[in-house]
Structures are given as structure tokens and as C-alpha cells.
Number of protein chains: 2
Amino acid sequence: MTTPRPCSIADTLSVVGEKYSLLVLREVFFGVRRFNDMARNIGAPRDVLTARLHHLVEAGVLEKIPYNERPPRFEYGLTTAGRELQPVLLTLLQWGDRHLADRPPVVFEHSCGTDLDSIVVCRHCGAEATPASLTPRFQAQGWNAAGAAELRAAEEIRTFYRGE
Amino acid sequence: MTTPRPCSIADTLSVVGEKYSLLVLREVFFGVRRFNDMARNIGAPRDVLTARLHHLVEAGVLEKIPYNERPPRFEYGLTTAGRELQPVLLTLLQWGDRHLADRPPVVFEHSCGTDLDSIVVCRHCGAEATPASLTPRFQAQGWNAAGAAELRAAEEIRTFYRGE
DNA sequence: ACAGTGAGTTCAGATTTCAAACTCTATGGA
DNA sequence: TCCATAGAGTTTGAAATCTGAACTCACTGT
């Protein structure tokens, strides 16, 4: 079989997985909405930024908002779908803060008054979504947990899945 | 200024932001730990996969675990740091499920018995970390919310930040 | 002895990225 | 009017990366 695994992670990455795409979204979340400011803050080549903005607009993550008629000038704002990418940025930020930064360059103060330390939880029960608490169920034909190692016992798969 | 913004998101992406890197981690979370299985499930060229695995091992996200001496053969397992990337994958998955898939190819059953619908919350107070509930504080010199638009009033910046 | 497997490596060609320069429209000042 | 500046790109040619196919090397199983 040479078709890759059907997967929403891969699908999402086809929208925001190119180099600089998520940094563009970071800037928009920070309130930076114009081409030159983005280019400077991200450090991306201008033609690449042009391509990424087009792609993100086409994918419905950003929208162009005119702020000047002549010459035509646009800002880039988040759509609802774009706003829902915030958790992705927060989890990336959190991992970098923990594992790569001695002192985080940006801290988010949550409305409860503390500096944000975020976790991913189950909306239904509120408990943290840890690897061990999750069992994948494959809905696509022919794709089970372990790919080629289809013969492994389910329990073993679960152990592997937990990353142990 | 031509230096990009100092940022943990960008730092994290320098570890897992290359094409296929996050899909490699997805496979390991699914229990797929060997080269050929990964190559097939991801659909990546073999030399690219080799490079990504090296990079992820070097970054301390994966570790090589020998399972055969001659010829030398290794599996790739998650380190603690690697396991902590799970929230990134979950948030990407969730966005794809919501916005790109009609029927998610994989569903995670949480230990509470429901199919996982995840949210990112503040560990301290438990409330969801929405854009509107967060105020960024910049700890690096010279970097404020709006980049070049340093003159914007703080309130305006906050509004922009919310993506409105 | 011979086919098959696992994990790469090598290679030529296609695609992207990069940084700098250039374009086009418009505004502000001397 | 003339000149400088700004914003948002587009163009360019060289450098880096990605792609798919073929090849290597060390075994294993029959």
C-alpha cells in the first residue's frame, strides 16, 4: 500500500503546515495584520509571504479586509475557522516554553489573573486528555493503529500508543 | 529591524515544523515505530524520512531503541519531551475534524467513555483559554503586540488581538 | 542457493526558497 | 513641480530542498 494514512492531522497541515504559515497566524493573533509588518516580524521572504497569505485566504482561515481604496490595500483578519486555530498555537507555544526557552519571550495572562499554563482536556468530563486515557478508533477501511504491524495484540498496540 | 520576533512558537516549529515531522510523531503515537512502516503510512520519500528521524532524535523528541544487533536495527520511541507534543497533534486533529473532514478518519475514545472533544483550558482556573481571555505580555526588548504599529492604543491592540 | 526484508543511501530532475532589486500608486514636503 | 518615502507586492537568478526510483548492505527463511 502506498497511499498515506487518511488523517485530519495531515489535512490540517496541508492548510497550515507550510513554512511560515503558522507564524503568519501568530502575527494576526498578535494584531499584526499588514504585509510589511508581517514580513518584518516573521523574517519571511516577501514572495513566500504573498503565497502563504493567498493560501490561507483561499483555505478560509484569513480574510482580506480593505483599508484603502487607491492604491488598493488590505489587512488580513482571522475568520471563525482561523480563530479556532488558536489552540494549535497555544500548544506549540507551551512546548517551546517548556523545552526550548530559558525565559519565555511572551507570556499570556489569563483572565483569572495567572500566567497561562494550558492543558488539553476532554470537554465532556474535564479530565486531561493524556495519551494513556485515549483509545484510537479507526473509521477508515484498512487502517488500524499499527500500520503494517497488524498482527500485534490490541493490548500491545495500546501500550505502544502510550509511547511507553 | 530585520530580526524576526523571538518566539517559542517559532522555536518549536524549528524542531517539528518541517514537512512530515509531525506526521512522524503521529505514527509513533499510533505505535508505528519502524522505518518502513512510517514511510508507507506517511507517504514520505525515504531519504526525507531519514533526515527527519535524525533531526527529531537530535532534538530529544524521539530516541532510537535497538531491537536487532546484526544488522543493527532500531525503533523510534517517544521521549518525555516527545510525549508532551501530544497536545499539538490533538489540536491539529480537532481542527481538521471540524473544518476539513466530513467524517473523521480516526476518533479517540476518552477514558470517560465519550468520543474526545478537546479544549484548551487554564490549568489554574479550568476556564477555556479563549483569545479574549488572554493578554500577551512581551518579555523581550522592543517587541510589543503590534510590531511596527507601536503607536496603537493598548485597547485597540487588545481588540485586534482578539481577531475581531 | 535464492528470494525476500529492513533500513537506509545515492542520484538526477523538479520544485521551493531566498535576498535583493524593481514596479506601481499615492502622499507629504520644499 | 520635484523629490523622497511608503505600502504591497512582483521579478529574478542562484541556492537549497524535495521527489521517486534505483541501489546497497546485512542478514533470514526455505
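Lettering of chains follows the sequences in order, A, B, ..., and the numbering in each one begins at 1. None of the values given here were measured: they were computed from a predicted structure.
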A.B. asks: Once you round it to whole Å, what is the distance between P of C:dG6 and OH of B:Tyr67?
C.D. replies: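 B:Tyr67 atom OH is separated from C:dG6 atom P by 7 Å.
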
A.B. asks: In a check of side-chain contact (heavy atoms from CB on, under 4.5 Å) between B:His110 and each of A:Leu134, A:Val121, A:Thr135, which one passes?
C.D. replies: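 Result: among A:Leu134, A:Val121, A:Thr135, A:Leu134 is the only option passing the side-chain contact (heavy atoms from CB on, under 4.5 Å) with B:His110.
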
A.B. asks: How would you summarise protein contacts on nucleotides 18-26 of chain C per nucleotide, using B for base, S for sugar-phosphate only and - for none, with heavy-atom distances below 4.0 Å?
C.D. replies: BB-----BS

A.B. asks: Centre-to-centre under 6.0 Å for A:Phe29 and A:Phe108, is that the case here?
C.D. replies: no

A.B. asks: Is a salt bridge present between A:Arg40 and A:Asp37, judged by a nitrogen-to-oxygen distance below 4.0 Å?
C.D. replies: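 Salt bridge flag = yes for A:Asp37 with A:Arg40.
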
A.B. asks: Taking A:Trp95 for the side chain and B:Ala81 for the main chain, is one N or O donor matched with an acceptor at less than 3.5 Å?
C.D. replies: yes

A.B. asks: From the 5' end of DNA chain D to its 3' end, which nucleotides mark the outer limits of contact with chain A, defined by a 4.0 Å heavy-atom distance cut-off (strictly under)?
C.D. replies: D:dG7 to D:dT12

A.B. asks: Side-chain polar contacts of residues 45-63 of chain B - donor-acceptor pairs under 3.5 angstrom, sequence neighbours left out - could you list them?
C.D. replies:
from, atom 1, to, atom 2, distance (Å)
B:Arg46, NH2, B:Asn36, OD1, 2.9
B:Thr50, OG1, B:Arg46, O, 2.9
B:Arg52, NE, B:Lys19, O, 2.8
B:His55, ND1, B:Glu18, OE1, 2.8

A.B. asks: Given atom CG of B:Asp37 and atom P of C:dG8, what is their separation to the nearest angstrom?
C.D. replies: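 Taking CG of B:Asp37 and P of C:dG8, I get 12 Å after rounding.
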
A.B. asks: Determine yes or no for a side-chain-to-main-chain donor-acceptor pair under 3.5 angstrom, with B:Arg34 supplying the side chain and B:Glu75 the backbone.
C.D. replies: no

A.B. asks: Check side chain to side chain donor-acceptor pair (under 3.5 Å) between A:Thr12 and all other residues, then give those that pass, not counting sequence neighbours.
C.D. replies: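 If we apply the side chain to side chain donor-acceptor pair (under 3.5 Å) test to A:Thr12, skipping adjacent residues, there are no hits.
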
A.B. asks: I need the minimum non-hydrogen distance between A:Pro105 and B:Cys7, along with the two atoms involved.
C.D. replies: CG-N, 3.8 Å

A.B. asks: So if I take residues 51-66 of chain A and measure heavy-atom distances to DNA chain C, which residues fall below 4.0 Å?
C.D. replies: A:Arg52

A.B. asks: Return the value, rounded to whole Å, for the distance between atom CZ of B:Arg40 and atom C1' of C:dA7.
C.D. replies: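 About 13 Å, once rounded to whole Å.
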
A.B. asks: State whether a side-chain donor-acceptor pair under 3.5 Å links A:Ser118 with A:Gln94.
C.D. replies: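 Note: A:Ser118 and A:Gln94 side chains meet the donor-acceptor criterion.
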
A.B. asks: How long is the line joining CD1 of B:Ile42 and C1' of C:dG8, in whole Å?
C.D. replies: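 Whole-Å distance recorded here is 15 Å.
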
A.B. asks: Sequence neighbours left out, cut at 3.5 Å: what donor-acceptor pairs do the side chains of residues 96-103 of chain B make with other protein atoms?
C.D. replies:
from, atom 1, to, atom 2, distance (Å)
B:Asp97, OD1, A:Ser8, OG, 2.5
B:Arg98, NH1, A:Glu84, OE1, 3.3
B:His99, NE2, A:Glu84, OE1, 2.6
B:Arg103, NH1, A:Gln139, O, 3.2
B:Arg103, NH2, A:Gln139, OE1, 3.2

